[in-house]
Amino acid sequence: MNITIVGTGYVGLVTGACFADWGHNVLCVDNNEKKVAMLRRGEMPIYEIGLAEIVKRCVDAGRLAFSASIEEGTKFAEVIFIAVGTPPGYRGEANMSYVEQVGRLVAQHMDGYRLLVEKSTVPVNTGEQLKRTLAKYLRDDIPFDVASNPEFLKEGTAMEDANNPDRIVIGIESERAAVLLRQVYAPIIKKSGCKLLEMNIASAELTKHASNSFLAMKISYINAMSRVCELAGADVKQVAQGMGLDKRIGAQFLYAGVGYGGSCFPKDVDAFVHIADRLGYNFELLKEVQRINKAQREHLLQKIQHELWVIQDKNIAVLGLAFKPGTDDVREAPSLFFIPQLREAGAKLRLWDPIGAEKFAELYPEQKYYKDIMECVTGVDLVLILTEWPEVKQLDLAKLKAAMKVPVIIDGRNIFEPDAVRAAGFTYHSVGRA
Ligand code: UGA
């Protein structure tokens with residue numbers, strides 16, 4: 001099958017690579033010519049495990065190509081996926097101008113039936129807007145369909161997730177669209193046995209925001225619980241384990257810490273609160289989820305403050321800049337909260353992240369970055385852990401203690417066991433463990 005993907009950001013590129021890997025012929029279109037040239041040279045604009053290899057394999061096999069021309073993309077395939085950005089706009093609602101632009105341009109170049117599929121995370125009822133846009137900008141009476149096919153990939157395991165999906169959701173309004181989307185996903189359904197759920201477009205659009213908001217709520221729930229645990233002398237990890245074994249609750253996304261970050265949860269929950277408001281429902285539950293997430297960072301900052309008394313001139317090693325391990329993505333990462341705050345308070349910061357440092361350094365070029373984790377922690381008054389990288393988990397506590405000036409660890413990811421770290425001679429503060 002020929003498939004066009006518009007937008008070579010995270011979602012578009014991973015989706016395009018996977019579709020091509022499953023045997024389809026894919027053209028990835030992006031209006032950023034520099035990015036297209038880069039991709040044609042085999043350079044990846046994002047880091048994702050396994051992505052570069054699959055892109056290379058598919059390009060070599062002639063099943064994956066890149067173009068800066070939306071006209072070429074529109075002519076190339078009957079099925080066109082929209083995977084352009086929907087960045088937060090004024091007051092947190094999603095900015096839909098890129099999606100709208102794709103709709104307009106596709107309409108202007110269509111020479112026959114096309115199925116336009118929303119893959120980007122969009123507000124409910126975007127399908128209706130897209131249909132209106134296409135109808136408005138089409139020159140002739142050419143038939144088309146709009147569909148929704150939300151994305152559930154996680155950064156760091158995106159290729160694995162794409163090949164073992166929990167479910168595939170499609171929102172469709174015609175049998176013609178359903179047949180085409182079933183064909184797109186036939187290879188992976190056959191291979192993984194996953195379920196294809198067919199529903200109306202609004203339900204599919206909502207499923208995405210409903211899923212991400214629910215996961216964010218689970219994280220905020222356990223983070224709120226961590227505060228109660230600290231006050232009650234309990235251990236949130238043990239409580240989470242006790243809860244998670246109940247199949248109705250499930251063990252995943254019950255890790256207390258510095259709160260969720262990344263390019264999805266903060267933006268999507270915010271957008272969804274605005275969507276609900278606009279529809280006439282005040283989603284106070286989700287507003288509380290956001291408040292708890294923010295408070296979690298403030299609370300950890302207070303622990304640092306309390307421990308150091310005076311932050312001015314203290315050497316602090318920050319371990320982890322990416323919003324989670326396995327990615328170089330620093331968007332909405334907890335590090336973006338802590339580093340400006342600590343810097344403002346006069347701390348001397350030493351920063352380490354195995355792959356996120358480069359992107360972070362684009363924002364804070366004047367900071368000191370270390371490639372070697374032991375060099376980073378040498379002579380510091382405090383180690384702050386913000387990302388649970390394997391390198392941090394594997395730190396030799398005796399060596400760490402010997403390297404630091406004062407053995408204090410503030411662990412925002414509950415990596416270590418409190419008794420073991422304290423027995424090794426550290427002052428240790430984590431999240432939700434008294
Ligand atoms: C998230 C969803 O998990 C995906 O299903 C979805 O497709 C994606 O957003 C998206 O909308 O594109 P992602 O942002 O890559 O994926 O990362 P997650 O693994 O969900 O982690 C998000 C944040 O929550 C991270 O900062 C992580 O550290 C934090 N988190 C996660 C916790 O603090 N505790 C947990 O128990 C789990």
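Note: hydrogens, waters and symmetry copies are ignored here, and every other heavy atom, side chains too, is used. Atoms within each ligand, like the ligands themselves, are counted from 1 in listed order.
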Exercise for the section: Say whether G262, considering both its backbone and side-chain N or O atoms, lies within less than 3.5 Å of an N or O atom on ligand 1. Expected result: no
Exercise for the section: Would you check whether R413 has a nitrogen or oxygen atom less than 3.5 angstrom from a nitrogen or oxygen atom of ligand 1? Expected result: yes
Handout entry: Distance filter under 4.0 Å to C264 heavy atoms, resulting ligand 1 atoms
Key = 8 (C), 9 (O), 10 (C), 11 (O), 12 (O), 14 (O)
Exercise for the section: Check whether the ring centres of Y47 and Y10 lie less than 6.0 Å apart, and answer yes or no. Expected result: no
Handout entry: Ring center gap for F416 and F426 short of 6.0 angstrom
Key = no
Practice task
Identify, by atom number and element, the atoms of ligand 1 in contact range of F265, meaning under 4.0 Å from any of its heavy atoms.
Solution key: 1 (C), 2 (C), 3 (O), 9 (O), 20 (O), 22 (C)
Practice task
May I ask you to check whether L215 has an N/O atom sitting below 3.5 Å from an N/O atom of ligand 1?
Solution key: no
Problem - Carboxylate-amine/guanidinium proximity below 4.0 Å for K56 and E53 - result: no
Handout entry: For K208, the ligand 1 atoms whose distance to one of its heavy atoms is below 4.0 Å
Key = 6 (C), 7 (O), 10 (C), 11 (O), 12 (O)
Handout entry: T121 N/O to ligand 1 N/O under 3.5 Å
Key = no
Exercise for the section: Name the orientation class of the two ring planes belonging to F272 and H209 (parallel below 30°, tilted from 30 to 60°, perpendicular beyond 60°). Expected result: parallel
Exercise for the section: Please work out which of the three classes, parallel, tilted or perpendicular, describes the rings of Y281 and F283, given edges at 30° and 60°. Expected result: perpendicular
Handout entry: Nitrogen or oxygen atoms of K324 and ligand 1 under 3.5 Å apart
Key = yes
Problem - Nitrogen or oxygen atoms of Y255 and ligand 1 under 3.5 Å apart - result: yes
Handout entry: Backbone or side-chain N or O of L153 under 3.5 Å from ligand 1 N or O
Key = yes
Problem - Nitrogen or oxygen atoms of G261 and ligand 1 under 3.5 Å apart - result: yes
